[in-house]
Peer 1: 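Sending over a structure as structure tokens; questions will come in a sec.
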Amino acid sequence: MQIIQNYINGKFIPAQSGATLENINPSIGTPLGTLPDSDIADVEAAYQAAKSAFPTWSAISLEERHDILRGISDGILQNLDKLAEAESMDSGKTLNTARTIDIPRSALNFKFFATALMHFASESHSAPGSVSYTLRQPLGVVGCISPWNLPLYLFTWKIAPALAAGNCVVAKPSEVTPLTAFLLGEICNAAGLPPGVLNIVHGLGPKVGEAIVKHPNIKAISFTGSTRAGAEIARIAGPMFKKTSLELGGKNPNLIFADCDYEKMLETTVRSSFNNQGQICLCGSRIYVESSLYPTFKKDFLERVSKLKVSYPTDPSAHLGAVVSKAHFEKVLGCIELAREEGGQILSGGHAISMPAPYDKGWYIAPTVIEGLDGQCRTNQEEIFGPVVTIQPFDTDAEALELANCTSYGLSATVWTNNLQRTQYLSQHLQAGIVWINTWMLRDLRTPFGGVKHSGVGREGGWEAMRFFTETKNITIGL
Ligand code: NAD
């Protein structure tokens, strides 16, 4: 049994109350171990450690800060196999996904921001009679709260820029997938991160997460998770005038036009639908196809989907593993049931998958394709966050755009066309923070990342993240 502990002031300790939660392995549906059921007292201890560490951490040379963050990146890569196995066991994702996507990207997050801090600069403005310059100072102690779908990947995507900008951090990973965040503590110690600079407090969102958000001296909250929890955080943090970066849910459209590069589109659309069991905020869950291409697309897409193998995470030939938890399994199957009630035809999947022992109690769902629903039904309006997509034809560019924009979400959109003017027009009018043209999930870490409407407020990535984690101060000198 794996006993996870909090990481506070460089030490591994249980919750002060001694309470624990069960951590379940979703591929076999049985406990993997326990994690601390922390509360406000643990958050306070983490805050005090971070506060004490801040004067030194914010004042060390940029080179030294770079070297430590780079050391964490190297440590993640040195532990690639161990971390990938832990991530896969904890979340149900295939070992291959954890090994090739989650863990390498977690290392890259630290490498990227280690170099960013060496180049981060501010502006100066000169005028007759004055010169002004801008300081970008670390905020102090900041909070980072992350979800379960890309556990270490998204946890480090917040922590790395927060530390790079000179802050100390109180962080909370998802209680559903706490294992790799726990292992990160050891890597930080080995890399020479001073005690208290990063503190990791495990536990429930409404208990530990909320205590971080409510803490009067934690200056900013970087949150990735559901729109529901994001709204709750905004409600608390708003009147405290706390800086917030909220990366929330999505219901992303794929717009496929007849003039696209067909084979590349088809291969990518299968991935953008079912990668990580459809549990990526950027997955395209509403697929709109130009009418003239629709019959061909439907036939070929279904054929490709029928070849996807759902299996236990360590099966090297698995395309999909288990979904993350029993609660999520039931939610996704409930969404499929709702689609049926709304008149949708299930063209593929639509059911749970039974696996042989010892995986027979795990939570597996067949990749599901649904046809015959309109844009306004709940299936096409609400986030499912599982291996479920709808397909629907459209006739004109205007109709495609209207369908794409007709939900309350606006995280990303994908467009497949070789028409340059259409590309330009749609890019300008799609209500999304991220638009991909003839590709999907191609990430340059310097670019702004985030959504509009109910998909969030603020941007992560590159200088946007460094600016979020610093306070801007203007100084004007009269000459
Ligand atoms: P969630 O909102 O339930 O939990 C996310 C994190 O917030 C967890 O650590 C949780 O413990 C904590 N939390 C929950 N309630 C809280 C509260 N009241 N106060 C403070 N913290 C709280 O989300 P989830 O189920 O873990 O993740 C899935 C969601 O995340 C989906 O909606 C998905 O679209 C979204 N997501 C968004 C992005 C993005 O970049 N926009 C990326 C990945 C996932």
Side-chain angles (χ1 to χ4, degrees), residues 21 23 26 35-40 43 90-91 93 101-102 105 143-159 170-178 181 200-215 218 221-237 242 244-252 275-285 323-325 327-329 331-332 335 382-386 407-412 432-434 441 443 447-461 464-465:
L21 299 165
N23 186 25
L35 66 145
D37 181 9
S38 310
D39 59 28
I40 191 167
V43 171
D90 214 10
S91 67
K93 67 177 70 206
I101 297 176
D102 291 74
R105 172 59 191 274
C144 298
I145 303 175
S146 59
W148 48 255
N149 64 317
L150 298 165
L152 192 63
Y153 174 137
L154 290 176
F155 195 58
T156 53
W157 180 234
K158 299 181 173 306
I159 290 169
V170 177
K172 192 195 97 61
S174 170
E175 62 276 26
V176 183
T177 53
I200 302 174
V201 189
H202 294 272
L204 300 170
K207 212 160 151 185
V208 176
E210 206 170 297
I212 295 172
V213 177
K214 282 186 171 160
H215 197 290
I218 294 182
I221 301 295
S222 175
F223 171 80
T224 299
S226 63
T227 297
R228 176 199 53 73
E232 185 59 18
I233 289 169
R235 191 184 64 74
I236 296 168
K242 222 172 246 211
T244 50
S245 166
L246 304 174
E247 303 295 334
L248 311 178
K251 190 75 187 172
N252 310 312
N275 243 24
N276 204 39
Q277 299 70 251
Q279 302 168 140
I280 301 180
C281 55
L282 304 167
C283 278
S285 57
V323 298
V324 77
S325 66
H328 195 57
F329 172 78
K331 179 206 148 172
V332 174
C335 292
E382 297 172 9
E383 185 180 47
I384 298 173
F385 212 55
T407 75
S408 60
Y409 292 105
L411 186 54
S412 71
I434 302 152
M441 221 174 144
R443 293 280 296 121
T447 60
F449 180 93
V452 299
K453 303 199 284 188
H454 290 191
S455 290
V457 180
R459 293 291 179 272
E460 299 186 310
E464 300 275 349

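Whatever order the structure lists them in is the order used to number ligands and atoms, beginning at 1.
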Peer 1: Quick one: look at Ile145 and ligand 1, take heavy-atom pairs under 4.0 Å, and tell me if it's side chain, backbone, both or neither.
Peer 2: side chain

Peer 1: Counting heavy atoms only, which part of Leu154 comes closer than 4.0 Å to ligand 1: side chain, backbone, both or neither?
Peer 2: side chain

Peer 1: Which one of Cys281, Ser412, Gly450 has a non-hydrogen atom at the shortest distance from atom 36 (N) of ligand 1?
Peer 2: Cys281

Peer 1: Tell me the closest heavy-atom pair linking Ser455 and Leu411, and the distance in Å.
Peer 2: OG-N, 3.2 Å

Peer 1: Counting from 1, what ligand 1 atoms have a heavy atom of Pro173 closer than 4.0 Å?
Peer 2: 9 (O)

Peer 1: Does some non-hydrogen atom of Gly456 fall short of 4.0 Å from ligand 1?
Peer 2: no

Peer 1: Rounded to the nearest 0.5 Å, what separates atom NZ in Lys242 from atom NE2 in His215?
Peer 2: 8.0 Å

Peer 1: Nearest 0.5 angstrom please: Leu152 CG to Trp157 CH2, how far?
Peer 2: 14.0 Å

Peer 1: Is the shortest distance from a heavy atom of Gly230 to ligand 1 less than 4.0 Å?
Peer 2: no

Peer 1: Between Glu210 and Glu232, is any pair of side-chain heavy atoms under 4.5 Å apart?
Peer 2: yes

Peer 1: Heavy atoms only: which of Glu175, Glu460, His202 lies closest to atom 10 (C) of ligand 1?
Peer 2: Glu175

Peer 1: So is there a nitrogen or oxygen of Ser226 less than 3.5 Å from a nitrogen or oxygen in ligand 1?
Peer 2: yes

Peer 1: Taking the non-hydrogen atoms of Gln279, is any one of them nearer than 4.0 angstrom to ligand 1?
Peer 2: no

Peer 1: We want to know whether Ser222 and Lys158 form a side-chain donor-acceptor pair, criterion being a heavy-atom distance below 3.5 angstrom.
Peer 2: yes

Peer 1: Taking heavy atoms and a distance under 4.0 Å, where does Asn149 meet ligand 1: side chain, backbone, both or neither?
Peer 2: side chain

Peer 1: Considering only heavy atoms of Gly209, which atoms of ligand 1 have at least one such atom less than 4.0 Å away?
Peer 2: 19 (N), 20 (C), 21 (N)

Peer 1: Are there protein heavy-atom neighbours of atom 4 (O) of ligand 1 below 4.0 Å?
Peer 2: no

Peer 1: Looking at ligand 1, does Gly451 have a heavy atom less than 4.0 Å from it?
Peer 2: no

Peer 1: Please evaluate residues His454 and Tyr409 with respect to the criterion side-chain contact (heavy atoms from CB on, under 4.5 Å), reporting the C-alpha separation (whole Å), side-chain torsions for both, the decisive distance (0.1 Å), and the verdict.
Peer 2: CA-CA 5 Å; His454 290 191; Tyr409 292 105; 4.2 Å; yes

Peer 1: Atom CG of Asn149 and atom CG of Asp102: how far apart are they, to the nearest 0.5 Å?
Peer 2: 9.0 Å

Peer 1: Show me which atoms of ligand 1 lie under 4.0 Å from any heavy atom of Glu247.
Peer 2: 37 (C), 39 (C), 40 (O), 41 (N)

Peer 1: Find the distance between CG (Leu204) and CD (Glu175) and round it off to the nearest 0.5 Å.
Peer 2: 5.0 Å

Peer 1: In terms of atom number and element, which parts of ligand 1 are under 4.0 angstrom from non-hydrogen atoms of Phe223?
Peer 2: 2 (O), 5 (C), 6 (C), 7 (O)

Peer 1: Looking only at heavy atoms, which two atoms of Glu460 and Ser245 are closest? And how far apart?
Peer 2: CG-OG, 4.0 Å

Peer 1: Quick check: are there more than 12 heavy atoms from other residues, nucleotides or ligands sitting under 6.0 Å from CD1 of Ile40?
Peer 2: no

Peer 1: So, taking the atom named CZ in Arg459 and the one named OG1 in Thr447, what distance separates them when rounded to the nearest 0.5 Å?
Peer 2: 11.0 Å

Peer 1: Select the closest option to atom 28 (C) of ligand 1 among Trp157, Phe385, Phe155, judged by heavy-atom distance.
Peer 2: Phe385

Peer 1: Enumerate the atoms of ligand 1 whose separation from the nearest heavy atom of Trp148 is less than 4.0 angstrom.
Peer 2: 24 (P), 25 (O), 26 (O), 27 (O)

Peer 1: State the atoms of ligand 1, each with its element, that fall below the 4.0 Å cut-off from a heavy-atom position in Phe449.
Peer 2: 40 (O)

Peer 1: Below 4.0 angstrom from a heavy atom of Leu411, which ligand 1 atoms are there? Numbered from 1 as shown, please.
Peer 2: 41 (N)

Peer 1: Would you check whether Ser455 has a nitrogen or oxygen atom less than 3.5 angstrom from a nitrogen or oxygen atom of ligand 1?
Peer 2: no

Peer 1: Could you see which bit of Glu232 sits under 4.0 Å from ligand 1, with heavy atoms only: side chain, backbone, both or neither?
Peer 2: side chain

Peer 1: In terms of residue, atom name and distance, what is the protein heavy atom nearest to atom 14 (C) of ligand 1?
Peer 2: Gly205 CA, 3.6 Å

Peer 1: Any side-chain to backbone donor/acceptor pair from Gln279 onto Asn276? Under 3.5 Å, distance only.
Peer 2: yes

Peer 1: Any chance you could measure Ile384, atom CD1, to His328, atom NE2, to the nearest 0.5 Å?
Peer 2: 9.5 Å

Peer 1: With heavy atoms only and a cut-off of under 4.0 Å, state how Ile212 meets ligand 1: side chain, backbone, both or neither.
Peer 2: neither

Peer 1: Only heavy atoms of Ser146, strictly under 4.0 Å: list the atoms of ligand 1 that pass.
Peer 2: 6 (C), 8 (C), 9 (O)

Peer 1: Between the side chains of Asp90 and Asn23, does any donor sit under 3.5 Å from an acceptor?
Peer 2: yes

